[in-house]
Amino acid sequence: MNAIAIKHNDEIIDLQTAKELGFEGEQIHLDNSADSLEVLRHSTAHLMAQAIKSLYPDAKFYVGPTVKEGFYYDFKTESEIGEGDLKKIEKQMLSFAKKKYEIEKYTISMDEAKEKFKDDHLKLAVMERITDDRVSIYKQGEFEDLCRGPHLPSIGLIRYFKLTKISGAYLGGDSKNEMLTRIYGIAFADKESLKDHMTMLAEAEKRDHRKIGNEMNLFTFREEVGAGFPIWLPAGGRLRARLESLLYKAHRKRGYEPVRGPEMLRSDLWKISGHYENYGENMYFTKIDDVEFGVKPMNCVGHIKIYEDELRSYRDLPIKYFEYGVVHRHEFTGALHGLFRVREFTQDDAHIFCTTEQIEEQIIEVVDFVDKIMSTFEFDYKMMVSTKPEKAVGSDEVWEVSTQALKNAMDKNNLPYEIDEGGGAFYGPKIDIKITDAIGREWQCGTIQLDFNLPERFELEYNGENNDKIQPVMIHRAILGSFERFIGILTEHYAGEFPMFIAPTQVAIVPIADTHNAYAKELSDKLIDINADSEIYNKNDSLNKRIRTAEKTRVPMLVIVGDEEVEGKTVAIRDRRTREQYNLSEEEFLKLIQTKVNEVNF
RNA sequence: GCUGACAUAGCUCAGUUGGCUAGAGCAGUUGAUUUGUAAUCAACAGGCCCGGGGUUCAAAUCCUCGUGUCAGCACCA
């Protein structure tokens with residue numbers, strides 16, 4: 001098998017360049033290794049551009065890189081291209097690939113390149129980002145493109161690819177710029193891998209929380225209610241209630257007090273906090289008797305008012321308030337996405353008021369809390385320290401001190417983190433917890449924010465040891481982030497097969513005939529006593545049908561009761577996953593459920 | 001918000017170039033059946049074809065403005 005590129009000084013060098021510069025190195029062959037796919041997909045992007053250019057001669061091209069999920073190319077044409085056109089483009093790509101054009105490379109000076117592409121504003125925009133004196137051009141058949149490579153020696157090597165998505169994308173990723181058309185695609189070295197990839201995508205789709213949420217009656221959205229306002233159905237309500245109650249205990253153990261602030265507060269307060277100025281466009285406002293109110297987008301102001309309700313001493317600190325706070329935010333319509341992104345959601349929010357000296361231990365305690373919960377759900381997550389954003393309140397010194405405090409807490413405890421420059425909240429830097437979901441997407445859930453600014457703006461204080469007035473520090477934190485997003489992620493993570501301790505229904509009871517209904521009801525009542533929900537499947541259907549229906553609800557445990565069970569006070573258990581069947585006495589069964597329902601504590 | 005696609009029964013979807021009373025499966029209701037581990041049989045019911053407005057002899061179908069959904073961009077818990 002011939003090489004498609006070489007590895008030189010740890011860099012992928014295509015054969016064209018290797019020949020030009022006389023480089024040698026380890027050969028890269030056409031397979032599904034990361035290096036090979038990098039080259040293959042990059043060239044597939046060019047092949048796509050070639051096909052687009054032939055179908056839409058006015059097309060101009062911006063950049064066409066490889067990304068985690070394949071490759072894309074951004075381009076501009078006067079024609080309207082939709083999803084239906086992808087097939088046509090694929091077909092054209094295949095016909096070019098069959099011609100097995102060699103991919104040739106030549107270099108020209110930057111000035112020559114600017115002259116060559118003088119009518120192509122997109123290429124000129126690309127060149128603005130290049131500092132080199134010379135640029136390379138890759139050519140296949142009639143088509144050529146400014147590109148730094150690396151590329152395959154010939155497009156004839158490209159066979160197994162698929163165009164997956166089409167959409168718009170802003171030039172340079174900036175919403176102030178014009179919008180280009182972007183087509184995403186994927187390519188592999190062999191047919192099987194492409195097929196596997198497509199299967200994997202289809203499997204991922206089956207886990208979509210919007211689909212499962214509908215099937216399991218967890219939640220719904222309705223056009224007449226409004227975009228981004230979720231409606232929680234009974235099954236979803238039960239799941240949520242379980243999470244809430246677990247979390248309530250976890251907070252109490254850690255010294256948090258439950259509180260509740262109002263849903264709307266006067267705009268004057270949002271002006272003091274800085275939300276009016278910095279977050280106003282995401283807020284909803286209304287008037288009551290000529291006084292303007294803002295619906296809360298965050299819970300901090302309410303908690304500040306609770307702090308202010310009494311004089312505080314250093315002996316009281318840290319004070320920790322928590323609330324399942326319902327917040328409203330005006331999100332762009334295009335951003336809304338199932339439960340992942342909504343306009344009304346409930347945060348598992350808390351605010352810790354503490355002394356400067358207590359910051360580190362408090363941060364560590366919260367990070368530990370986060371870890372406890374994430375590991376219970378077997379989530380991978382990472383932490384990002386986010387620094388001062390463009391829109392912010394407070395002096396640079398305060399930002400510097402607080403950002404450093406966050407980093408110190410992490411460093412001292414050897415906790416790994418990445419930096420997100422400019423990603424902080426407007427009132428302070430934060431540590432974001434990002435969960436990786438079932439199909440590899442990252443979601444920001446938990447967040448820990450350090451805030452010197454709001455205490456100053458609201459002139460919060462406590463009495464110090466010498467009876468002097470000292471300003472406390474606020475730590476804003478949420479662990480799940482919001483129940484909505486977190487339950488969405490959980491749903492996809494478990495593909496709807498929730499573990500017993502949060503499942504909407506713990507047990508499905510299937511009586512064999514009507515004569516067994518009484519025993520089923522008796523079991524159901526006893527289950528309620530041990531905090532387990534059950535459902536009795538005694539509809540006028542065949543036994544098989546009712547078992548099938550119960551299985552399809554994804555309930556963790558199925559019990560069948562007939563004459564034998566009624567007589568012997570037992571249950572026949574059917575494990576949904578393994579399809580194993582076994583019998584337990586009623587007593588053993590209740591004990592088993594009780595154990596499983598209570599096995600988790602954060 | 002931007003680019004593109006889409007919206008028909010509770011759910012999943014048919015519905016031809018505009019043309020008769022808009023269909024199916026599942027779910028639901030009723031009846032028969034009383035079942036021992038993944039679909040018993042039958043009947044019935046269910047629709048402002050997303051909402052305004054327009055074109056036309058005629059609109060689920062074409063145009064237009066909204067609303068909502070999907071993919072991505074940008075923004076974010």
Side-chain angles (χ1 to χ4, degrees), chain A residues 69 72 74 76 80-86 164-184 208 210-211 214-215 217 220-229 279 281-282 297-298 325 327 329-343 345-349 389 423 425 430 432-435 443-447 449 476 478-486 488-489 510-517 538-552 558-565 572-576 579-581:
Chain A
E69 282 302 308
Y72 68 79
D74 283 352
K76 174 107 186 162
E80 278 194 357
I81 306 185
E83 237 156 276
D85 300 306
L86 293 183
T164 49
K165 288 169 208 161
I166 178 163
S167 71
Y170 293 110
L171 191 157
D174 187 337
S175 60
K176 290 185 201 83
N177 291 340
E178 65 177 308
M179 183 155 267
L180 309 175
T181 303
R182 172 175 295 181
I183 297 181
Y184 284 91
D208 192 311
R210 291 166 298 189
K211 187 176 152 70
N214 185 24
E215 287 167 5
N217 294 315
T220 187
F221 290 92
R222 301 194 70 97
E223 183 178 343
E224 67 269 30
V225 169
F229 293 100
Y279 205 77
E281 56 194 25
N282 289 310
M298 300 179 194
V327 296
R329 297 184 184 176
H330 180 249
E331 302 289 348
F332 284 141
T333 47
L336 302 175
H337 180 104
L339 285 183
F340 285 166
R341 197 75 177 275
V342 290
R343 285 179 172 157
F345 56 99
T346 307
Q347 297 180 307
D348 60 324
D349 206 2
K430 57 179 183 172
D432 283 331
I433 289 89
K434 291 200 188 238
I435 293 181
W443 285 98
Q444 181 177 336
C445 290
T447 180
Q449 311 173 346
H476 310 238
I479 294 178
L480 308 185
S482 75
F483 284 94
E484 284 73 11
R485 181 176 288 181
F486 194 76
I489 295 169
V510 185
I512 286 174
D514 288 350
T515 47
H516 313 120
N517 282 347
N538 59 356
K539 237 190 68 175
N540 187 6
D541 272 327
S542 67
L543 176 67
N544 282 351
K545 178 66 180 291
R546 286 178 288 135
I547 288 171
R548 178 184 153 83
T549 309
E551 289 274 4
K552 283 180 73 175
L558 205 66
V559 307
I560 318 281
V561 291
D563 284 340
E564 290 171 33
E565 286 74 22
I573 291 179
R574 176 187 163 106
D575 192 294
R576 186 195 50 192
R579 290 179 76 167
E580 275 172 42
Q581 293 167 27

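This one's a predicted model, so the numbers in the text were calculated from it and none came from an experiment.
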query = Counting only side-chain N and O atoms of A:Q444, is one of them less than 4.0 Å from OP1 or OP2 of B:A77?
reply = yes
inquiry  = Let's test your reading of the model: under 3.5 Å, does the base of B:A71 pair with the side chain of A:S167 as donor and acceptor?
reply    = no
request  = Taking atom P in both B:C20 and B:U67, compute the distance separating them and give it to the nearest angstrom.
outcome  = 33 Å
key: Pairing of A:E331 and A:R329 as salt bridge, 4.0 angstrom limit   = no
task = Would you mind classifying the nucleic acid contact of A:A550 as base, sugar-phosphate or nothing, using non-hydrogen atoms under 4.0 angstrom?
result = nothing
ask   = Looking only at atom C1', what distance separates B:C62 and B:C57, rounded to whole Å?
value = 16 Å
note = Across every strand shown, the nucleotide meeting Watson-Crick or G-U wobble geometry with B:U17 (both distances under 3.5 Å) is none
query = Planes under 30° and centres closer than 5.5 Å, is that true for A:F345 with the base of B:A77?
reply = yes
ask   = Who is the Watson-Crick or G-U wobble partner of B:A42, with both distances under 3.5 Å?
value = B:U30
note = What one should report as the nearest heavy-atom pair of A:A227 and A:L336 is CB-CD1, 3.6 Å
message = Any N or O donor-acceptor pair under 3.5 Å from the base of B:C76 to the side chain of A:R343?
response = no
Under 4.0 angstrom between A:H337 side-chain N/O and B:C76 OP1 or OP2 = no
query = Does A:R574 come within less than 4.0 Å of A:E551, counting only side-chain N to carboxylate O?
reply = yes
task = Could you give the distance separating B:A60 and B:C2 at their P atoms, to the nearest angstrom?
result = 30 Å
message = Regarding B:A39, can its base be found pairing with the side chain of A:R546 as donor and acceptor, where the two atoms are less than 3.5 Å apart?
response = no
query = Could a donor-acceptor pair under 3.5 angstrom be found where the side chain of A:R222 meets the base of B:C50?
reply = no
query = So which nucleotide does B:G25 pair with, by the Watson-Crick or G-U wobble rule with both distances under 3.5 Å?
reply = B:C11
request  = Select base, sugar-phosphate, or nothing to describe what A:V342 touches, counting heavy atoms under 4.0 Å on all strands.
outcome  = base
query = Just checking A:Q581: base, sugar-phosphate only, or nothing, at a heavy-atom cut-off of under 4.0 Å?
reply = base
message = What is the separation between atom CD on A:E223 and atom C1' on B:A7, rounded to the nearest whole Å?
response = 8 Å
query = Rounding to the closest angstrom, what is the interatomic distance between B:A27 and B:U12 at atom C1'?
reply = 11 Å
ask   = Can you name the nearest heavy-atom pair linking A:C445 to A:R485, along with the distance?
value = SG-CD, 4.3 Å
inquiry  = Both distances below 3.5 Å, Watson-Crick or wobble geometry, any strand: find the nucleotide opposite B:U3.
reply    = B:A71
All N/O pairs under 3.5 Å across the protein-nucleotides 40-42 of chain B interface:
from: B:U40; atom 1: OP1; to: A:S542; atom 2: OG; distance (Å): 3.1
from: B:U40; atom 1: OP2; to: A:S542; atom 2: OG; distance (Å): 2.5
from: B:U40; atom 1: O4; to: A:N540; atom 2: O; distance (Å): 3.4

request  = Quote, to the nearest angstrom, the P distance that separates B:A7 from B:C63.
outcome  = 12 Å
query = B:C70 phosphate, OP1 or OP2: any side-chain N/O from A:R210 under 4.0 angstrom?
reply = yes
request  = Answer with yes or no whether A:E565 presents, from its side chain, a donor or acceptor under 3.5 Å of a partner atom in the base of B:G36.
outcome  = yes
ask   = Parallel under 30°, tilted from 30 to 60°, perpendicular over 60°: which one fits the rings of A:H337 and A:F340?
value = parallel
query = Taking only side-chain nitrogens and oxygens of A:K552, does any of them come within less than 4.0 Å of OP1 or OP2 of B:C26?
reply = no
key: Polar side-chain contact A:Y170-B:G1 base: donor and acceptor under 3.5 Å   = yes
key: 5' precedence on RNA chain B between A:I433 and A:G82 (nearest-nucleotide basis)   = A:G82
ask   = Would you say B:A38 has OP1 or OP2 under 4.0 Å from some side-chain N or O of A:R574?
value = yes
request  = Tell me whether the OP1 or OP2 atom of B:A77 has a side-chain N or O from A:K430 closer than 4.0 Å.
outcome  = yes
key: Given RNA chain B, 5'-ward residue of the pair A:I81 and A:E551, judged by closest heavy atom   = A:I81
